Amino acid sequence: MGKILCVAEKPSIAKAVANHLAPAQAQDVRGLAWLKNYVFDYNFGRTWGASNVVFTSVAGHIKSTEFDQRYRSWNSCNPSQLFDAPIVNYVENDKKVIARNIEEQARSAQVLFIWTDCDREGEHIGTEIRDIALKINPRLEVKRAKFSNIERAHVISAAKNPVPLDEKQANAVAARIELDLRLGAAFTRMQTLALKPMIDRVQELKVISYGSCQFPTLGFVVDRYFRVKNFVPETFWYIKVTHKKEGISVNFNWKRGHLFDRMAVTVLFERCLMAKMAKVIKVQKKPTSKWKPLPLTTVELQKMGSRFLRMDSQRVMKIAEELYTKGWISYPRTETDQFDKGIDLKQIIEKQQQDGVWGPFAQGLMNGGFKQPRNGPHNDQAHPPIHPVNYVVGVQLNDEERRVYEFVVRRFLACCSEDAKGEATDIEISYGDEIFRTHGLIVLARNYLDVYPYDKWESSQQLPQFSVGETFVPTEAKMFDGETTAPGYLTEPELISLMDANGIGTDATMAEHIAKIKERTYVMTRLKGGGRNGGGDGNIEATSTGTRGARGGRGRGRGGRGGRGGGNSGSRQGGNRNGGVQEFIPTTLGVALIEGYDKVGFETSLSKPFLRKEMELQMKAICAGTTTRNDVVHQNLEKYREVFVRTTQQINVLKAVSLGQ
DNA sequence: GCAAGGTC
């Protein structure tokens, strides 16, 4: 029998796949408890037939990329030389054990079968494994498995249908690695060396870093800061009609919302008053529903953590990783918001039946309440949505772990239940030449809301009976004024959304970039709503008082789905929990960097997110074969070298802004 | 003393 060496990207995949293929004997690799070789026999059928298998894994990338030794010291060269200084690829000390295991196993194998994640980084990790193995054993046949989840049938099918490694995807990643290193190091050294003497008053300041992700992240914060700072409130006017019927006071909102022209509103208002009678022109009752949430992705978990679990994104990820390592939840880094058809969701629900709090709800799902989860638009082809794997009783977890676990479970159960159902009533009246309307909601069946307290959808006050054609003299009609209010500073969920939408970082790294711009003192955070240290400095978010304040023209209790974050008008509890959200304010240094680069005036300001987007497109082009790694690297290096030269020439501009000019 | 991407 021939020997097949299988290598996954991480131990959990090796374990799961090996167990699907055959009962395996697990051997620790050189005393590491977390790295194992699974040894078993398996028949690969037409491809390789009956074989001895060793199924092992790496732990992410094995090799590091660095400048040649001569260029590593900051004084060794002019930072501009980093654009073409030689680069070396090597195995870091802490990865040597992993590399050696691959070598040892590859020596006696006929086939190297790669099981890294089926994404670009996975493809690149695959080539790292291949290079190490081929160096020891050049006669190896190299294949990879194509799989998008670790369900048994899917894995078995992948095992029997190996495909070639995709060199193009690996090359796209190699281009990214080289560009991030060269540009990051060159700009970081240049900036730091040029600016540090200027701002020495900040003693602990060490490095003024540049990175293709951290700078756009900072850019978002600064951008919002200026929108807040430069905001000029505008006065608007509107008409509100109130009518009391059957002892219920109903507010009718103006269909036009509000106008910025006082005279116009006055004229329209007087026409209403002259008309005296209002007439009901529409009464519509219709069934409505609030959709259950989508299956949970990493980005969504981080946003919800900031909103409801009182943890920043980095903390949420740390906790989620621990829950994953202990086997309570699935892999926490995923972009997928659709469950694969093959996955046995009921078996997951079943395990939650024993819980004292949400157990009864899970039982309800088992007893006929189950509904297939919605499918979101994302699928990373590597991991399922985050879901509970095993039941753990709350007392076994610490407080933070319990909050995250509970959220993951509730979210999952909500996904598997029915949308909330209600009845919406829309009433419109004409009054003068104007139309006013009100909206009512009766929640008929809460369904998923019973297990998912993070969403709010509540019945509005009962509306009295109105019928079309009915006329009345409104109890009250008044003209009000209000002022547009400034946006708030950027919150963490908003920042994550922006990064996600602009392709800044990945699900696994977004929290790190946010932490980095804090660590570099480019930004400060504080509790939104003027928390502890929210002292004297400007309460920018104008508060609405009395008759002032924007009313966006929405009826009460509307509760649109997918409610955007921030100022959620209707929900009392949601509002309270929002008190835990951090807001981001750039420091003088942070503002200076972004402003400085904007002022130096390239069309390609380093703070702008589209540079990273361009890079993403170029990587896709490499994958598609329409360009090559070499072309992308060289084109970008030339482009950024120009930026680099112009920045060093105009470094005084950057210095001036940093000094607060 | 620099980046971003994997993962333990």
Side-chain angles (χ1 to χ4, degrees), chain A residues 8-15 28-29 32-36 57-67 71-77 79-83 85 87 92 94-95 97-98 116-117 119-129 169-170 172-196 204-217 298 317-318 320-322 324-326 331-333 380 382-383 499 503-517 519-520 606 611-612 615-616 619 636 640:
Chain A
E9 184 163 321
K10 44 188 162 275
S12 63
I13 298 286
K15 181 179 184 180
D28 282 11
V29 174
L32 292 182
W34 56 271
L35 184 59
K36 292 192 170 21
S57 80
V58 292
H61 289 282
I62 314 173
K63 291 193 165 177
S64 303
T65 304
E66 251 306 343
F67 291 109
Y71 295 84
R72 289 195 199 170
S73 145
W74 281 44
N75 300 319
S76 63
C77 66
S80 66
Q81 290 177 264
L82 298 177
F83 278 85
I87 279 178
E92 198 90 61
D94 59 340
K95 300 278 185 172
V97 183
I98 299 172
T116 49
D117 293 356
D119 51 27
R120 277 195 311 239
E121 296 292 334
E123 220 62 27
H124 186 265
I125 293 168
T127 62
E128 292 181 12
I129 297 166
Q169 290 192 52
V173 171
R176 196 245 334 130
I177 291 173
E178 181 172 349
L179 285 169
D180 281 339
L181 173 65
R182 291 192 187 280
L183 302 176
F187 278 95
T188 298
R189 287 191 198 177
M190 181 269 287
Q191 267 175 194
T192 306
L193 297 173
L195 296 181
K196 201 178 161 193
E204 64 276 38
L205 189 74
K206 284 204 165 66
V207 173
I208 305 172
S209 58
Y210 163 78
S212 60
C213 287
Q214 50 181 274
F215 249 53
T217 304
T298 305
M317 284 313 288
K318 175 132 197 322
E321 272 162 37
E322 283 165 10
Y324 158 69
T325 321
K326 291 176 187 163
Y331 191 66
R333 292 187 277 271
D380 62 17
H383 307 283
M499 295 172 74
I504 306 300
T506 68
D507 46 16
T509 59
M510 280 188 295
E512 287 173 32
H513 300 312
I514 295 173
K516 181 138 282 173
I517 63 171
E519 183 194 324
R520 297 281 189 247
L606 294 188
L611 288 180
R612 187 75 203 181
M615 163 96 79
E616 180 64 26
M619 285 171 72
N636 278 283
Y640 282 89

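Letters go in sequence order (proteins before strands), and every chain restarts at 1. A quick note: this is a predicted structure, and the numbers were derived from the prediction, not measured.
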Item checked: Test side-chain hydrogen bond (donor to acceptor under 3.5 Å, both in side chains) applied to A/E92 - qualifying residues, sequence neighbours left out -> A/S64

Next item on the list: Just jot down the side-chain hydrogen bond (donor to acceptor under 3.5 Å, both in side chains) partners of A/Y331, sequence neighbours excluded, or say none.
Entry: A/R333

Hey, does the side chain of [X] come within less than 4.0 Å of [N]'s phosphate (OP1/OP2), counting only N and O?
X: A/K10; N: B/dT7; answer: yes
X: A/R612; N: B/dG5; answer: yes
X: A/R333; N: B/dT7; answer: yes
X: A/T506; N: B/dG6; answer: yes
X: A/R120; N: B/dA4; answer: no
X: A/H513; N: B/dG5; answer: yes
X: A/S209; N: B/dC2; answer: no

What contact category does [X] fall into here, base, sugar-phosphate, or nothing, at under 4.0 angstrom with non-hydrogen atoms?
X: A/Y210; result: sugar-phosphate
X: A/P11; result: sugar-phosphate
X: A/I177; result: base
X: A/T65; result: base
X: A/E128; result: nothing
X: A/R182; result: nothing
X: A/G505; result: sugar-phosphate
X: A/I13; result: nothing

Next item on the list: Please work out whether the ring planes of A/F187 and A/Y640 are parallel, tilted or perpendicular, with thresholds of 30° and 60°.
Entry: perpendicular

Next item on the list: Would you kindly compare A/E9 and A/E178 by the position of their nearest DNA chain B nucleotide and give the one closer to the 5′ end?
Entry: A/E178

Next item on the list: Assign each of A/E512 and A/W74 to its nearest nucleotide of DNA chain B by heavy atoms, then name whichever residue's nucleotide is nearer the 5' end.
Entry: A/W74

What is the distance, to the nearest angstrom, from the [atom1] atom on [X] to the [atom2] atom on [N]?
X: A/L35; N: B/dG6; atom1: CG; atom2: P; result: 20 Å
X: A/D28; N: B/dC8; atom1: CG; atom2: C1'; result: 14 Å
X: A/H124; N: B/dT7; atom1: NE2; atom2: C1'; result: 15 Å
X: A/K206; N: B/dG1; atom1: NZ; atom2: P; result: 10 Å
X: A/E616; N: B/dA4; atom1: CD; atom2: C1'; result: 13 Å
X: A/E321; N: B/dG5; atom1: CD; atom2: C1'; result: 14 Å
X: A/L611; N: B/dA4; atom1: CG; atom2: C1'; result: 16 Å
X: A/L32; N: B/dT7; atom1: CG; atom2: P; result: 18 Å

Are the side chain of [X] and the backbone N or O of [Y] linked by a donor-acceptor pair below 3.5 Å?
X: A/R72; Y: A/F67; answer: yes
X: A/T116; Y: A/E9; answer: no
X: A/T188; Y: A/G184; answer: yes

Can you figure out which of [options] approaches the side chain of [X] most closely?
X: A/A59; options: B/dT7, B/dA3, B/dG5; result: B/dT7
X: A/Y324; options: B/dG6, B/dA3, B/dC8; result: B/dC8
X: A/T192; options: B/dC2, B/dG6, B/dG1; result: B/dG1
X: A/K95; options: B/dA3, B/dG5, B/dG6; result: B/dG6
X: A/Y331; options: B/dG6, B/dA3, B/dG5; result: B/dG6
X: A/F67; options: B/dG6, B/dC2, B/dC8; result: B/dC2

Item checked: Exceeds 12 heavy-atom contacts within 6.0 angstrom, atom NZ of A/K318 -> no

